[in-house]
Every structure is written in structure tokens, then in C-alpha cells.
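The chain is numbered in sequence order, starting from 1.
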Amino acid sequence: MPLPNTAVTATRHRAVTIDGCRIFYREAGDRRAPAILLLHGFPSSSHMFRDLIPLLADRFRVVAPDLPGFGFSDAPDRAQFNYTFDNLAEVVGGFTQALCLERYAIYVFDYGAPVGLRLALAHPDRISAIITQNGNAYEDGLSQGWDPIQRYWREPTTENRTALRQCLIPETTKWQYIHGVPDENLLAPESYTLDSALLARPGNDEIQLDLFLDYSSNVALYPEFQTYFRSKQPPLLAVWGKNDPFFLPRGAEAFKRDIPDAEVHLYETGHFALETHAGEIAVAIRDFLKRRVVNPAIAA
């Protein structure tokens, strides 16, 4: 079997400045091909898509930015940039315009879900499909693992903020990767090691604690997200690590309430499903987009 054209599938590492903030991103594929915007979550970056990108880039233009404060993007001082999900979505919206993404599918994970769904609310005509990988939009999907953060929402005290610093230590980051994974030997240690190193940058802890507090704004938007699902019926594929300690499988199944044609695939793994199931998820995405969105002549 011939090897893929590496001139097309090779990942490029680029940056663009949006409103004074340098946004690092990974990109592969023909710029004329149907686009997929990959949006990472906490505590990761576009690095989480390193295995998925080349599995899609022969048929799609694949673009994965690092959010402000994450990965290799700028982390503006909190005095100049208010770390809210509204503002993260505004930067990503500017990013899509800078890259001339006029219509695209979104792949959303964890924090990427409320960011991407804000884009969908603002410009539903631009969204060709939604692929959600442990990207929640229903209270059904929230596990008891959210209890300490929800306590901080209800009582934003110094004591409750300090308690959440345990979520930022290397041991917790590694646990997020290994929990629910049947074979830990499948996990590349550079994944959680890189995340921990970037979380340890001076001032990044306060950025993350600000976002923990603002996550309540995402739950408040769940009814609006669900109204969008019902009214627009976007093609939706849920690819979910069913052992996720934060976002439960019933959060994946809940999409079917509002989008009866939604497709749900559950995998025997944890929160970071791509670490163990990138191949299977890529096959599911290619099949789904070929059937539901993309001209078969393009994505055969």
C-alpha cells in the first residue's frame, strides 16, 4: 500500500496574532479541503491531537489552536486579559477569521466544548458538524468529580479557591490521564509531563483557577446549547471515553434527546480518549463526515 502524501499530511506548527495575543496552532491538509477545527481542553493543548491530525489530514484541512493560557500560545497577564470562556471563544472566533475558516466542523473536548458551542451559537451557519469527545453540554454528564469546583461556584472564597490547587499538581494531571485506562502502557508519558510543565509556569495557576470559577457560565449556557441543537439539528458524533471521571457516558447519550440522529460511540478508556483510541476515533470521524456532511467524492 502506498504511503500517504506527507507533503499534505505533515503537521505544520504556526502562530497568528489575535488582538495582541499570539496563538500557536497545528495545521495539516489541503487548505481547499473541508475544514475541521480541533479545540482542546484542560489541562492540555493542541498536543493532544498529535496522533489524530495525520489520520485526518489526507482528506481534511485540520487546524488545532492552543487556547490563551495553554500550550504554546501567549498567556496574557490577568490584568490585561480576563480569563473567561466568553473571552476564549472571542479569541478563537478571531482565529477562525484570520485563517479564513468560513465553514468547518468542530471537534470539541472538555473546555473546547463550551468554546466551540459558543461559536456555534454566534454563527450556526459556519458549523458543518460537531464531533464531541468528552465535551459536555448536559448536567446529566457532570460527575461527582465536579463537587469541589461547584462548591467554589457557590462560595468563591479564598479557602475554596486554595483547595482547588490540588487539581493543578503533577500527580493530579497524571491521574486524569491514567484513570479508566485498561492498559497504562499505552499512554505516552510526555502527554501529562508536558501539561504539568506548562501548568507550572509562573502565574498559570491563577489563570486556571479563574477558569474553574468561570466554568459555571458554561453550565448556565447548557439550555441555550440545547436549544441550538433542537433548532439547527447539526450533524453530531459523540466519541466518548466511557470511564471518564468527570464527564459521564450519559452526557454523551443526552445529545440524542435534542438531536435524534446523533451518533454515540463509547470507548473503553478514560478522559483523554485519543491517547489510547486515536485510530478508532479517526475511522469513526471519517465515516461520519463522509455520510453526513462531506461530498463522498472528496472524502472517499
Side-chain angles (χ1 to χ4, degrees), residues 8-9 11 16 25-41 46 49 52-65 67 88-137 221 224-240 252 254-256 258-265 274 278 281-300:
V8 174
T9 60
T11 300
V16 63
Y25 66 100
R26 302 167 197 261
E27 181 175 21
D30 190 326
R31 292 193 175 193
R32 299 165 297 179
I36 306 175
L37 176 67
L38 308 176
L39 297 174
H40 70 83
S46 62
F49 299 116
L52 182 65
I53 289 173
L55 297 176
L56 300 176
D58 62 325
R59 301 298 179 192
F60 302 96
R61 180 188 182 188
V62 190
V63 181
L67 298 173
L88 295 184
E90 184 174 342
V91 170
V92 175
F95 172 82
T96 64
Q97 292 181 306
L99 269 66
C100 300
L101 296 177
E102 297 178 357
R103 186 163 171 80
Y104 50 90
I106 51 173
Y107 181 116
V108 296
F109 165 74
D110 190 86
Y111 278 12
V115 172
L117 293 176
R118 278 172 168 81
L119 300 183
L121 288 181
H123 300 285
D125 55 307
R126 297 180 185 174
I127 306 301
S128 62
I130 298 171
I131 301 133
T132 172
Q133 185 243 300
N134 301 73
N136 197 54
L221 277 176
E224 291 189 42
F225 295 156
Q226 294 157 21
T227 297
Y228 158 74
F229 297 148
R230 287 192 299 273
S231 63
K232 299 300 183 181
Q233 293 293 301
L236 186 139
L237 170 67
V239 285
W240 217 267
F255 287 103
K256 293 182 178 179
D258 296 311
I259 307 174
D261 289 339
E263 300 179 22
V264 177
H265 296 208
L274 287 177
I281 290 173
V283 169
I285 292 170
R286 291 169 70 100
D287 173 68
F288 173 76
L289 293 180
K290 179 178 178 179
R291 288 185 292 105
R292 300 289 300 277
V293 179
V294 180
N295 184 329
I298 297 174

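- Summarising the geometry, atom CZ belonging to F60 is positioned 5.0 Å from atom CD1 belonging to I36; distances are rounded to the nearest 0.5 Å.
- Atoms CD1 and CD1, on I285 and I131 in that order, are 4.5 Å from each other to the nearest 0.5 Å.
- Two residues are said to be in side-chain contact when any heavy atoms from C-beta on lie closer than 4.5 Å; V264 and W240 fail this criterion.
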Tabulate below the donor-acceptor pairs under 3.5 Å that side-chain atoms of residues 93-106 make, not counting sequence neighbours, or state none.
from : atom 1 : to   : atom 2 : distance (Å)
T96  : OG1    : G93  : O      : 2.7
R103 : NH1    : D125 : O      : 2.6

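- Between E263 and R292 there is a salt bridge, since at least one side-chain N of the basic residue sits less than 4.0 Å from a carboxylate O of the acidic one.
- Going from atom CZ of F229 over to atom CD of E224 covers 12.0 Å, rounded to the nearest 0.5 Å.
- Between atom NE2 of residue H265 and atom CG of residue D287 there is a gap of 7.5 Å, rounded to the nearest 0.5 Å.
- Judged as a salt bridge (charged side-chain N to carboxylate O under 4.0 Å, His left out), the pairs with a partner in residues 109-123 (not counting sequence neighbours) are, in order, D86-R118.
- The two residues V293 and S128 come nearest to each other via the heavy atoms CG2-O, 3.6 Å.
- At least one side-chain heavy atom of P65 sits under 4.5 Å from a side-chain heavy atom of L37.
- No donor-acceptor distance shorter than 3.5 angstrom exists from the side chain of H40 to the backbone of F109, with no hydrogens or angles considered.
- Taking the six-membered ring for Trp and the full ring otherwise, the centers of Y107 and F49 sit less than 6.0 Å from each other.
- For the salt bridge (charged side-chain N to carboxylate O under 4.0 Å, His left out) test, residues two or more places apart in sequence or in another chain that qualify with R61 are E27.
- Side chains of P235 and D261 form no contact here, defined as non-hydrogen atoms less than 4.5 Å apart.
- With rounding to the nearest 0.5 angstrom, the CG atom of L52 is 5.5 Å from the CG atom of L274.
- Partners of E90 according to the salt bridge (charged side-chain N to carboxylate O under 4.0 Å, His left out) rule, which considers only residues two or more places apart in sequence or in another chain, do not exist here.
- A distance of 5.5 Å separates CG of D258 from CD of Q226, quoted to the nearest 0.5 Å.
- Here the closest heavy-atom approach between residue F255 and residue G135 is recorded as CZ-O, 3.6 Å.
- Contact detail for A129 and L289: the closest heavy-atom pair is CB-CD2, 3.9 Å.
- By the 4.5 Å heavy-atom criterion applied to side chains, S46 and Y25 are not counted as neighbours.
- Scanning for side chain to side chain contact (heavy atoms under 4.5 Å, CB included) contacts around A113 gives V108, with sequence neighbours left out.
- K232 pairs by the salt bridge (charged side-chain N to carboxylate O under 4.0 Å, His left out) definition with nothing, not counting sequence neighbours.
- In this structure the side chain of L121 never reaches within 4.5 angstrom of the side chain of L119, judged on heavy atoms.
- Contact between R286 and L55 at its shortest, heavy atoms only, is NH1-O, 3.0 Å.
- Shortest non-hydrogen contact noted between I53 and A64 is CD1-CB, 4.3 Å.
- For the side-chain contact (heavy atoms from CB on, under 4.5 Å) criterion with L117, the lone passing option out of L221, T132, I130 is I130.
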